[in-house]
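Working notes for the structure below.
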Amino acid sequence: MKKEIISFETLLSSWSAEVTATNFPEAHSAIPSGVIPSRNEEFGDYQCETAMKLAKELKTNPRAVALTYKKAVHPDFVEKIEIAGPGFINITLKTTALAAQLEAMLADEKIGVPNLGKNQTVIIDYSSPNVAKPMHIGHIRSTVIGNSLDRLYRALGYNVIADNHLGDWGTQFGLIILGYREFADAEALKTTPVEELERIYVKSYNLSKEDEIWRERAKAELVKLQQGDKENRALWETFVELTLNEFDRIYKRLGVSFDLCRGESFYNDRLSSVIDLLKEKGLVTESNGALVCDLEADGLNIAIVRKSDGGYNYTTTDIATVMARTEEFKPAEIIYVTDERQQLHFKQFFHICKKIGVPTRLTHVWFGLMRLPEATFSTREGNVIKLEALLNEAEARALEIVKASSPGMDAAQQHEIARAVGIGAIKYTDLSQNPQSLVTFTWEKALAMDGNSGPYLQYAYARIASVRDKYAEKFPGKNPDEFPVVLTEEQERRLALKLTRFPAAVEAAAKLARPSVLADYLFDLSQAYSSFYQNVPFLKADEGVRESRIRICTLTATTLKQGLDLLGIETPERI
RNA sequence: ACCCCGGUAGCUCAGCUGGAUAGAGCAUCGGAUUUCUAAUCCGACGGUCACAGGUUCGAAUCCUGUCCGGGGUACCA
């Protein structure tokens with residue numbers, strides 16, 4: 001059994017809490033005792049603001065309170081504690097302790113990421129595109145953010161079930177079936193099936209708006225489908241299959257895979273019993289021919305659970321889905337990743353779930369819509385950018401750069417690197433900003449390959465891989481692990497400190513449901529490494545120092561690789 | 001009308017459960033390559049944190065109001 005790695009932040013926070021409890025028992029327990037990384041490195045490695053908060057409550061001098069911490073027995077890994085400004089407690093670690101922590105992390109496969117999710121199942125519901133509609137760049141966010149959360153939770157030891165809740169059931173199928181019969185283009189269905197299905201849908205939808213007879217016919221087709229008509233059912237299955245084939249191709253390119261792919265249709269049989277249950281609980285009333293949950297009293301408007309034509313809508317489907325998932329998997333939590341427009345829906349739906357006694361914690365992770373600088377995307381405007389077009393463009397641009405920088409490399413390898421770099425660039429762009437801000441799409445930003453970008457991080461990784469190859473070449477048979485880690489240079493110490501903070505970054509990213517927290521950390525780490533790389537020699541250093549630095553490179557590489565993997569970004573050994 | 005987001009450097013964004021001099025990237029300008037991958041590094045320039053009040057030792061951060069932008073508000077999801 002390996003010794004568990006505990007971060008300095010955690011150790012220091014417990015220490016500070018203890019000092020508070022011993023010396024200021026009269027203080028309110030809510031006073032935060034947290035120790036955080038210094039905002040400014042000239043003040044040390046960690047800082048604590050407890051003294052100022054305590055002094056405020058106890059109406060005493062904050063610097064005097066801070067002095068108590070300075071005088072208390074320090075943890076053995078602390079070099080010094082200083083008091084500054086209005087009452088900051090600044091903590092500097094022993095460099096030898098930092099080195100020891102790096103060695104512990106090097107010896108641990110998970111480099112210190114804790115196992116928080118023991119025996120807990122989390123279902124993450126993401127991507128969830130609609131059948132018969134091509135994925136455009138607006139769909140990438142749920143897929144990429146959801147997939148990163150999926151990876152983060154797995155890394156923290158949760159049992160994750162990734163479920164792609166396809167929009168494969170609904171009123172649009174009446175229109176599609178009718179349109180398909182009337183004006184499908186067999187040739188187009190073979191070459192670009194989903195695009196053709198969408199064309200059929202849009203045309204049929206437009207007809208339905210001006211032609212009442214068409215509308216009635218479409219409705220009749222839908223009813224037939226829902227009643228299990230063989231022909232319509234077969235058509236529907238074809239549509240689903242054609243669409244899934246295409247989605248699978250995109251998921252494969254994105255490195256995304258699901259444990260389950262259960263569309264709305266999967267829960268179809270349970271819908272009427274959901275209504276029965278809601279009735280039983282006295283939660284529904286009739287209004288204008290529809291059945292609704294009136295949530296006005298809770299400030300959540302009204303949710304329709306059965307339409308006046310007898311059909312069900314997504315509130316009902318979602319409730320049925322939760323109940324089915326709860327029965328089958330007993331998850332501790334279900335996380336939904338969708339765009340911001342669905343906030344009200346999820347509030348309503350979570351509220352109803354609570355009222356009917358669903359025990360599972362339900363979380364809605366929403367993200368801002370992606371838009372163009374001049375307008376929002378809309379099929380009608382014809383300004384949608386197909387997801388595949390974006391991926392193709394990214395790979396093409398990356399290939400140009402690879403060809404320019406590695407002209408001697410064979411073509412297959414150039415393409416492979418361009419693929420990883422191009423896709424990495426797109427994912428990183430999306431994941432590196434706060435999900436909840438609205439995103440303005442520009443090609444320039446989406447395909448950024450320098451500065452704060454995916455390729456910058458991949459480049460840092462590839463340089464390390466190259467250094468390690470060179471080391472093995474020049475010093476065959478030597479094992480750096482037989483030498484201790486020693487930190488001498490300023491850039492080296494700074495890098496070391498950043499390395500020890502990886503587990504905290506992973507934890508925070510998952511807890512806040514924001515992969516951008518991890519992306520920020522990794523960029524910061526890469527910058528620290530690049531600076532180290534540029535200013536500190538390793539292969540030319542003396543024996544011992546050289547091995548120590550190679551080990552630091554190794555830990556940086558592992559951290560980047562694992563970290564980028566949590567963002568779903570690959571790390572080629574050479575770029 | 002009501003509800004939810006957002007407004008920080010020329011551009012794209014961090015920072016927002018109050019803390020020290022508001023940070024990155026891009027762009028612009030100036031440097032670094034006989035040396036471990038220059039997709040890099042080092043430096044400079046650049047801000048009335050939308051606006052007005054308030055809370056306090058301290059506000060980009062919390063409260064109130066205003067302006068601007070996006071989204072939502074019963075049979076689409």
Side-chain angles (χ1 to χ4, degrees), chain A residues 32 34 38-40 42-43 47 49 52-53 55-56 62 84-88 90 128 130 165 167 170-172 205 264 287-294 299-309 311-315 317-318 338-345 347 366 368-369 371 376 398 401-402 404-406 421 425 429 432-434 436-440 442 444-445 448-460 462-471 474 516-517 519-520 523-524 526-527 529-541 546 549-550 553 574-575:
Chain A
S38 285
R39 290 187 170 79
N40 187 333
E42 73 180 90
F43 296 124
Q47 67 181 58
E49 292 156 14
M52 290 182 288
K53 298 188 197 315
K56 189 169 197 166
F88 289 98
N90 292 325
S128 309
N130 287 323
H165 190 65
T171 47
Q172 75 268 34
Y205 174 77
E264 292 165 355
S287 173
N288 299 328
L291 276 186
V292 306
C293 286
D294 187 341
L300 292 175
N301 295 10
I302 278 169
I304 292 180
V305 292
R306 196 178 70 197
K307 300 187 284 184
S308 52
D309 67 3
Y312 306 100
N313 58 9
Y314 72 153
T315 300
T317 312
D318 278 344
T338 82
D339 71 60
E340 60 183 334
R341 291 174 301 185
Q342 301 195 32
Q343 285 180 83
L344 179 60
H345 160 66
K347 278 184 191 160
W366 56 268
L369 278 181
R371 40 201 315 272
T376 44
I401 298 173
V402 175
S405 62
S406 309
V421 169
T429 298
S432 63
Q433 59 187 307
N434 181 352
Q436 303 192 338
S437 61
L438 96 187
V439 174
T440 304
T442 60
E444 190 196 0
K445 188 168 59 162
M449 306 263 171
D450 51 33
N452 187 356
S453 70
Y456 176 89
L457 309 199
Q458 290 172 318
Y459 181 68
R463 290 213 287 197
I464 302 174
S466 175
V467 164
R468 296 178 64 207
D469 287 351
K470 290 249 159 64
Y471 175 83
K474 281 184 145 176
S516 61
V517 170
D520 271 355
F523 176 60
D524 206 31
S526 301
Q527 278 190 310
Y529 179 77
S530 294
S531 181
F532 172 59
Y533 177 90
Q534 206 81 23
N535 296 296
V536 179
F538 1 110
L539 292 181
K540 286 186 179 151
R546 178 176 62 219
R549 289 182 182 156
I550 292 295
C553 284
R574 214 152 292 280
I575 80 170

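Naming: A, B, ... by sequence-line order, numbering from 1 per chain.
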Quiz item: Less than 4.5 Å apart, any side-chain heavy atom of A:D469 and any of A:R574?
Solution: yes
Quiz item: What distance, rounded to whole Å, do you find between the two C1' atoms, one in B:rG10 and one in B:rU37?
Solution: 33 Å
Practice problem: Kindly indicate whether the side chain of A:T338, heavy atoms from C-beta on, has any atom under 4.5 Å from the side chain of A:H345. | Solution: no
Self-check item: Test item: A:K445 and A:Q433 side chains (from C-beta on) under 4.5 Å apart, heavy atoms
Solution: yes
Exercise. Could you tell me the separation between the CG atom of A:L300 and the P atom of B:rC2, rounded to a whole number of Å?
Key: 18 Å
Quiz item: When you compare B:rA59 with B:rA50, how far apart are their P atoms, in angstrom units rounded to a whole number?
Solution: 15 Å
Quiz item: With rounding to whole Å, what would you report as the distance between B:rU56 and B:rA44 at their P atoms?
Solution: 39 Å
Practice problem: If a protein heavy atom is under 4.0 Å from the base, mark B; if only from the sugar-phosphate, S; if neither, -; do that for nucleotides 4-14 of chain B going 5' to 3'. | Solution: SS------SSS
Quiz item: When only distance counts, do a donor and an acceptor, one from the side chain of A:S287 and one from the base of B:rA74, lie under 3.5 Å apart?
Solution: yes
Quiz prompt | A:N313 side, atom CG; A:E264 side, atom CD - distance, nearest 0.5 Å | solution = 10.0 Å
Quiz item: Distance between the P atoms of B:rA24 and B:rC5, in whole angstroms?
Solution: 30 Å
Practice problem: Round to the nearest Å and state the distance from A:H165 atom NE2 to B:rA77 atom P. | Solution: 10 Å
Practice problem: Give the rounded distance in Å between these two atoms: OH of A:Y314 and C1' of B:rA77. | Solution: 6 Å
Quiz item: Is the backbone of A:G299 close enough, under 3.5 Å, to the side chain of A:K347 for a donor and an acceptor to pair up by distance?
Solution: no
Quiz item: Looking only at atom C1', what distance separates B:rU21 and B:rG58, rounded to whole Å?
Solution: 15 Å
Quiz item: What one-letter contact string describes nucleotides 28-39 of chain B from 5' to 3', where B marks a base within less than 4.0 Å of any protein heavy atom, S marks contact via sugar-phosphate atoms alone, and - marks no contact?
Solution: -------SBBSB
Practice problem: Give one of base, sugar-phosphate or nothing for A:Q47, where a contact means two heavy atoms less than 4.0 Å apart. | Solution: base
Quiz item: Heavy atoms under 4.0 Å, any strand shown: does A:A55 hit a base, just sugar-phosphate, or nothing?
Solution: nothing
Self-check item: Atom-pair distance (CG on A:N288; P on B:rA74), nearest Å
Solution: 12 Å
Quiz item: Can you tell me how far C1' in B:rU28 sits from the matching atom in B:rG15, rounded to whole Å?
Solution: 25 Å
Quiz item: Given the side-chain rings of A:Y471 and A:F538, with only the six-membered ring counted for Trp, is the space between their centroids under 6.0 Å?
Solution: no
Self-check item: Integer-rounded Å distance: B:rU40 P and A:Y529 OH
Solution: 15 Å
Practice problem: Give me the ring orientation class for A:F532 and A:Y529: parallel if the planes are under 30° apart, tilted from 30 to 60°, perpendicular past 60°. | Solution: perpendicular
Quiz item: Dot-bracket for RNA chain B, 5' to 3', counting Watson-Crick or G-U wobble pairs under 3.5 Å, with [ ] for crossing pairs and | for inter-strand pairs?
Solution: ((((((((.[[[[.)...(...]]]].(((((.......))))).....[[[[[..)....]]]]])))))))....
Quiz prompt | Residue closer to the 5' end of RNA chain B, A:R341 versus A:S308 (nearest nucleotide) | solution = A:R341
Quiz item: Is the ring of A:F88 stacked on the base of B:rA20, with centres less than 5.5 Å apart and planes under 30° off?
Solution: yes
Quiz item: Would a 4.5 Å heavy-atom cut-off, applied to side chains only, mark A:V402 and A:I575 as touching?
Solution: no
Practice problem: Take A:P86 and A:V517, find for each the nucleotide of RNA chain B with the closest heavy atom, and name the residue whose nucleotide sits nearer the 5' end. | Solution: A:V517
Quiz item: Does A:R39 have a side-chain nitrogen or oxygen under 4.0 Å from the phosphate oxygens OP1 or OP2 of B:rG19?
Solution: yes
Exercise. In whole angstrom, give the distance that lies between atom CD1 of A:I304 and atom P of B:rU73.
Key: 11 Å
Quiz item: Reckon A:S128 has a side-chain N or O less than 4.0 Å from the OP1 or OP2 of B:rA77?
Solution: no
Practice problem: Please work out if A:D469 contacts a base, only the sugar-phosphate, or nothing of the nucleic acid, heavy-atom cut-off 4.0 Å. | Solution: nothing
Quiz item: Between the main-chain N or O of A:R39 and the side-chain N or O of A:Q47, is there a donor-acceptor pair closer than 3.5 Å?
Solution: yes
Quiz item: Given the C1' atoms of B:rA9 and B:rU66, what is the spacing between them in whole Å?
Solution: 25 Å
Quiz item: With distance as the sole test, does A:S530 use its side chain to make a donor-acceptor pair with the main-chain N or O of A:S526 at under 3.5 Å?
Solution: yes
Exercise. Determine the contact category for A:Q172: base if any of its heavy atoms lies under 4.0 Å from a base atom, sugar-phosphate if only primed atoms, P, OP1 or OP2 are that close, otherwise nothing.
Key: nothing
Quiz prompt | Rounded C1' spacing from B:rC76 to B:rA39 in Å | solution = 45 Å
Quiz item: Between A:T429 and A:A425, is there a donor-acceptor pair closer than 3.5 Å when you use the side chain of the first and the backbone of the second?
Solution: yes
Quiz item: So what does A:F43 touch, heavy atoms closer than 4.0 Å: a base, only the sugar-phosphate, or nothing?
Solution: base
Quiz item: Of all the choices, B:rA77, B:rC41, B:rA20, which nucleotide is nearest to the side chain of A:N313 once you look at every atom?
Solution: B:rA77
Exercise. Give, for atom CG of A:L291 and atom OG1 of A:T315, the distance between the pair rounded to the nearest 0.5 Å.
Key: 12.5 Å
Quiz item: Are side-chain heavy atoms of A:Q527 and A:Y456 found at a separation under 4.5 Å?
Solution: yes
Quiz item: Where the side chain of A:Q342 meets the backbone of A:D339, is there a donor-acceptor pair that is under 3.5 Å apart?
Solution: no
Exercise. Send over the distance from A:D524 CG to B:rG23 P, rounded to a whole Å.
Key: 14 Å
Self-check item: Distance-only donor-acceptor test, A:N40 side-chain atoms vs B:rA22 base atoms, 3.5 Å
Solution: no
Self-check item: Nearest-Å distance for atom pair CE/C1', residues A:M52 and B:rU17
Solution: 15 Å
